[in-house]
Amino acid sequence: MITKLDSMLLPRKKFIYHYKNVRWARGRHETYLCFVVKRRVGPDTLTFDFGHLRNRSGCHVELLFLRYLGALCPGLWGYGAAGEKRLSYSVTWFCSWSPCVNCSIQLCQFLNNTPNLRLRIFVSRLYFCDLEDSLEREGLRMLTKAGVRISVMSYKDYFYCWQKFVDCKKSNFKAWEELHQNSVRLTRKLNRILQAWDLEDLRDALKLLGF
DNA sequence: ATTTTCAAT
Ligand SMILES: [Zn+2]
């Protein structure tokens, strides 16, 4: 089990402030990304590194992560001149916001060129996804088509992040009011964006049809 | 609250 120095971990208050899945997350002006990098060797995965990043000077945190990725994943681009023998990695990230359309496009391009990298995304809140025809919604669909699984964080994900990325001083994660309701609401919204049938939607549809 | 959203000073 890899562990980090306390200084490398997120302070508790900071984690709660930025990851709280409230409907109106005003005035934060920052986005955090907690990541786990695993090496894939056949059917097995080995945790290779983990940590967190924050957006810097006009650069969204997702693109900052892509810049770091070469250093995080030795051999991702292969060893020899022809770039053969690429090593396989899986990355899971937990971001306080879902990606904007620009980041989604760049991520899709990156993943297209890097089939030996698998990406799994959890988000706390949906970024600019209110309008039916928002580009951000389209970006999330593009990512899904590129093979990225995107989910809204639920209690178990906050619980995991708390013990993995936060300087929690052995304290247990304590859910805020509305964590569950907000997570369910956002999950339904994401499901609708990704055009998946949601159980509640199905119930509504059946009721409408008189069943 | 008809609230905001990876700042701009
Ligand atoms: Zn972005």
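Because the structure is predicted, anything quoted here is derived from the model rather than measured.
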Under 4.0 angstrom between A:Tyr127 side-chain N/O and B:dC6 OP1 or OP2: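 So the side chain of A:Tyr127 is within the cut-off, an N or O lying under 4.0 Å from OP1 or OP2 of B:dC6.
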For a quick test of reading the model: is some side-chain N or O of A:Asn102 closer than 4.0 Å to OP1 or OP2 of B:dC6?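 The answer is no; no side-chain N or O of A:Asn102 sits under 4.0 Å from OP1 or OP2.
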Show me the protein contacts with nucleotides 2-4 of chain B, counting only N or O atoms at under 3.5 Å.
unit_1: B:dT3; atom_1: N3; unit_2: A:Trp24; atom_2: NE1; d: 3.1
unit_1: B:dT3; atom_1: O4; unit_2: A:Trp24; atom_2: NE1; d: 2.8
unit_1: B:dT4; atom_1: O4; unit_2: A:Asp130; atom_2: OD2; d: 2.8

Can you say whether the rings of A:Tyr155 and A:Phe173 are parallel (under 30°), tilted (30 to 60°) or perpendicular (over 60°)? tilted
For the pair A:His52 and A:Tyr32, name the ring-plane relationship: parallel under 30°, tilted 30 to 60°, perpendicular over 60°. tilted
Residue-level proximity of residues 138-146 of chain A to DNA chain B when a heavy atom falls under 4.0 Å: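 None, since no heavy atom is under 4.0 Å.
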Quick one, A:Trp176 and A:Tyr158 - any side-chain contact, counting heavy atoms below 4.5 Å?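 Of all side-chain heavy-atom pairs linking A:Tyr158 with A:Trp176, at least one is under 4.5 Å.
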Ring centres under 6.0 Å, that's the criterion: do A:Trp77 and A:Phe110 meet it?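 Yes, the ring centres sit under 6.0 Å apart.
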Do A:Phe94 and A:Tyr160 have their ring centres less than 6.0 Å from each other? yes
Tell me: CG of A:Leu66 to C1' of B:dC6, nearest whole Å?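 Distance, rounded to whole Å: 14 Å.
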Scan A:Ser98 against the nucleic acid and name what it touches under 4.0 Å (heavy atoms): base, sugar-phosphate only, or nothing.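 Contact class for A:Ser98: base.
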Scan A:Arg40, A:Arg39, A:Arg120, A:Arg118 and name whichever one has a side chain to side chain donor-acceptor pair (under 3.5 Å) with A:Ser90.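 It is A:Arg40; the other options fail the test.
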